[in-house]
Amino acid sequence: MMIALVDCNNFYVSCERVFNPKLQDKPVVVLSNNDGCVVARSQEIKALGIGMGTPLFKIQSLIDRHKIQIFSSNYTLYGDMSSRVMETLKHFSPKVEVYSIDEAFLDLSQLVHLDLTDYCQQIRNTVRQWTGIPISIGVSQTKTLAKLANKMAKDSETGVFILLESEIEQFLKETIVEDVWGIGRGFAKTLRINGIQTAWQLRNASDGLIKQELGVVGLRIVLELRGMVCLPLQLHQPTKKSLMVSRSFSRPVESLTELREAIALYTSRAGEKLRRQKLAASAVRVFAATSRFVENPVSDSVRVSLPVTTNDTGELLHYALIGTEAIYREGLAYKKAGVMMLRLVDEHIQQLHLWDERDRERYQHLMVMVDGINQQMGSGTLRYSLVKHAPSWLARCEKRSPYYTTRWDELPIVRAGYSVLYLD
DNA sequence: TCTGGGGTCCTAGGACCC
DNA sequence: TCTGGGGTCCTAGGACCC
């Protein structure tokens, strides 16, 4: 196999520059959805040492000093530019996998009789001409190796790097494990504990060790480094399995009213997305979290199964609000207060016994799982799903609310979201 | 004060049944 | 009543990615 990874350089910034040529050679950043942090950086920004994901407030002084141009992200524009790039690439190989908004894998196996360097230059020039977007291309035997080759391409003058079999050993010896695709912080730490620091050491590690420490995911990476294709090109995009709408709040949210408003807004967004993509949901999930940057961050989610699949906002909202109540009244509080949890579980068990079977059947679709119930139970002998009849359950929540809101003061929500699953 | 949003895949372990 | 194996299904949580 010969696989090319095409990667658009500083993609969002490049898109902005296409429509505003004055930005050429100027320092430019594009911010995340909420304008919270940097998600795309021009070369000039990288040279200033501003990292990916840096929060905006931390670079305020640099912005003034270097006259940095700042943009909120415009995903409609980027998506459109992305399609143009991908369409162009399809002229160069019949087998193209659109991997992300700014990356694609191309199968070049049929073209090995050509000068691949030349061919890749041709691709670069055409994409540049037709779309205005600069790209880099790395080529090798597998996706994982092509990813590494692409890193080299980015650093080279020509923007193209072909990693030949004869050069792989030297190349991998000079590559640290962190730079291998699929090796994140957690895996890298595990590998280093086992004395594996370079990509070459990883390639030569024993299958048994890797399987045990990193599972099949890790093993696939190792085999790919050895030149064996374990991650074949996916030529048709599989249908999505879930979609999510979430935001961080600019300040902590402590009232149920505010939380409900946020969730209602996210739900209608999710409904729009569903209808646009002609999909329907079979379950919804609501989640809330405290700041990730405090000492003991807490997050929790509640999943509500729907009686029928739907993409009607009103319908979704009904169940989303049930989930919101659950999160607010119980979800986070459960994890916080173990003793209280035990008491509540006890209460709920008695409730369950009072129900007759018919009720349970009838309301099964309203089953609300409260995550984390098992967390502090120790042996796991007591694990219960709280099966509830929504109206009476909500009434009970109302009665208990003073107790919970007291607990709640300790747990300001700074992030909330809503996701829709359509597995069935 | 302010720290993104949106995804996928894998696994361990519990529930439930025979 | 206790013990246990085999199998399936489901979920939470952890890992990764852009």
Side-chain angles (χ1 to χ4, degrees), chain A residues 5 7-8 10-12 29-40 51-60 63 72-73 75 78-79 82 98-104 143-144 147 150 178 180-191 211-221 230-231 234 237-252 266 269-270 273 283 285 287 289-294 297 299-303 305 331 335 367-375 377 379-385 387 412 414-421 423-424:
Chain A
L5 172 62
D7 192 320
C8 301
N10 317 329
F11 183 55
Y12 299 167
V29 296
V30 176
L31 301 177
S32 57
N33 260 340
N34 234 12
D35 287 350
C37 59
V38 173
V39 294
M52 184 73 166
T54 307
L56 187 60
F57 72 88
K58 279 194 180 170
I59 56 168
Q60 206 59 58
I63 290 172
S72 295
S73 35
Y75 288 100
Y78 310 149
S82 174
V98 178
Y99 174 70
S100 73
I101 195 162
D102 68 337
E103 284 172 274
K143 282 184 176 179
T144 306
K147 267 273 187 185
N150 192 278
E178 282 82 355
V180 175
W181 187 41
I183 305 293
R185 266 226 309 278
F187 281 11
K189 194 177 164 201
T190 308
L191 288 172
K211 175 83 201 318
Q212 195 191 321
E213 296 293 331
L214 308 184
V216 297
V217 178
L219 194 54
R220 281 202 280 258
I221 294 169
C230 295
L231 306 167
Q234 286 202 299
Q237 277 200 311
T239 50
K240 271 208 276 187
K241 293 173 178 162
S242 70
L243 65 79
M244 183 195 302
V245 179
S246 72
R247 291 289 179 278
S248 292
F249 301 121
S250 50
R251 58 187 173 74
Y266 304 161
R269 290 272 158 77
K273 284 193 191 180
R285 176 181 293 272
F287 72 86
T290 62
S291 170
R292 301 200 307 276
F293 304 95
V294 300
S299 79
D300 210 347
S301 68
V302 167
R303 180 191 156 115
S305 301
K335 283 184 181 164
M367 186 168 83
V368 176
M369 302 280 294
V370 176
D371 299 350
I373 285 245
N374 200 26
Q375 302 272 315
M377 287 290 177
S379 70
T381 48
L382 283 175
R383 183 185 156 159
Y384 292 96
S385 304
V387 183
V414 302
R415 180 185 167 83
Y418 174 79
S419 77
V420 183
L421 317 165
L423 299 162
D424 312 316

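Per chain, numbering begins at 1; letters A, B, ... match sequence-line order.
Distance from the side chain of A:K240 is smallest for B:dT8 among the nucleotides B:dT8, C:dC16, C:dA12. Checked against C:dA12, C:dC17, B:dT3, the side chain of A:P55 finds its nearest nucleotide in B:dT3. Nearest to the side-chain atoms of A:F57 among the listed nucleotides B:dG6, C:dC16, B:dT3 stands B:dT3. Side chain of A:V39, nearest nucleotide from C:dA12, B:dG7, B:dG4: B:dG4. Minimum atom distance to the side chain of A:V216 is reached by B:dC10, of the listed C:dC18, B:dC10, C:dC16. Counting only heavy atoms from C-beta on, A:S242 has its side chain closest to B:dT8 among C:dC18, B:dG5, B:dT8. With B:dG4, B:dT8, B:dG5 as the candidates, the nucleotide lying closest to the side chain of A:K241 is B:dT8. Listed candidates were B:dG5, B:dC9, C:dC18. Nearest to the side chain of A:W181 is C:dC18. Distances from the side chain of A:V217 to the nucleotides B:dT8, B:dT3, B:dC10 place B:dC10 closest. Minimum atom distance to the side chain of A:R220 is reached by B:dC10, of the listed B:dC10, C:dC18, B:dG7.
Distance, A:Q212 CD to B:dA12 C1': 15 Å, rounded to whole Å. The OH-P distance, from A:Y78 to B:dG4, rounds to 17 Å in whole Å. Remark: P of C:dC16 and CG of A:L214 are 9 Å apart, rounded to the nearest angstrom. Distance, A:I59 CD1 to B:dC2 C1': 12 Å, rounded to whole Å. Rounding to whole angstrom units, CG of residue A:L243 and P of B:dG6 are separated by 9 Å. B:dT3 atom P lies 14 Å from atom CZ of A:R247, rounded to whole Å. In this entry the distance linking CG of A:L219 with P of B:dC9 reads 19 Å, nearest Å. Regarding A:R251, its CZ atom lies at a distance of 17 Å from the C1' atom of B:dT3, rounded to whole Å.
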From CA spacing to verdict: side chain to side chain contact (heavy atoms under 4.5 Å, CB included), A:I63, A:L56: CA-CA 9 Å; A:I63 290 172; A:L56 187 60; 3.8 Å; yes
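Neither OP1 nor OP2 of C:dG14 sits under 4.0 Å from any side-chain N or O of A:R185. Between A:R285 and C:dT11 there is no side-chain N or O to OP1 or OP2 distance below 4.0 Å. In this structure, A:S246 reaches the B:dG6 phosphate: one of its side-chain N or O atoms is under 4.0 Å from OP1 or OP2. Taking only side-chain nitrogens and oxygens, A:S248 comes nearer than 4.0 Å to OP1 or OP2 of B:dG5. Not one side-chain nitrogen or oxygen of A:S32 sits closer than 4.0 Å to the OP1 or OP2 atom of B:dG5. Distances shown here put a side-chain N or O of A:K147 below 4.0 Å from the OP1 or OP2 atom of C:dC18. One finds no side-chain N or O of A:K189 lying less than 4.0 angstrom from the OP1 or OP2 phosphate oxygen of C:dA15.
Contacts of A:I183 with the nucleic acid, taken as non-hydrogen atoms under 4.0 Å apart, involve only primed sugar atoms and P, OP1 or OP2. No contact: A:D35 has no heavy atom under 4.0 Å from any strand. Nucleic acid contact class of A:Q60 (heavy atoms, under 4.0 Å, all strands): none. Residue A:V38 is classed as having no contact, given no heavy-atom separation below 4.0 Å to the nucleic acid.
Between A:W181 and A:Y99, the ring planes are perpendicular. Angles over 60° get that label, and only those under 30° would be called parallel. Below 30°, between 30° and 60°, or above 60°: for A:Y12 and A:Y78 the angle between ring planes is below 30°, a parallel geometry.
A distance of about 33 Å separates the P atoms of B:dT1 and C:dC17, rounded to the whole Å. For the P atoms, the distance from C:dG4 to B:dG14 is 16 Å, rounded to whole Å.
Contact between A:S73 and A:L31 at its shortest, heavy atoms only, is OG-O, 2.8 Å.
Mapping A:N34 and A:K211 onto DNA chain B by nearest heavy atom places A:N34 at the nucleotide closer to the 5' end.
Salt-bridge formation is not detected for the pair A:E103/A:K143: no Lys NZ or Arg NE/NH1/NH2 atom is positioned less than 4.0 Å from an Asp or Glu carboxylate oxygen.
By the neighbour-count criterion of 12 heavy atoms within 6.0 Å, atom CD of A:Q60 is densely surrounded, having more than that number from other residues, nucleotides or ligands.
Base-pair partner of B:dC18: C:dG5 (Watson-Crick or G-U wobble, both distances under 3.5 Å).
Between A:S100 and A:D102, the side chains place a donor N or O and an acceptor N or O closer than 3.5 Å (distance only, hydrogens not considered).
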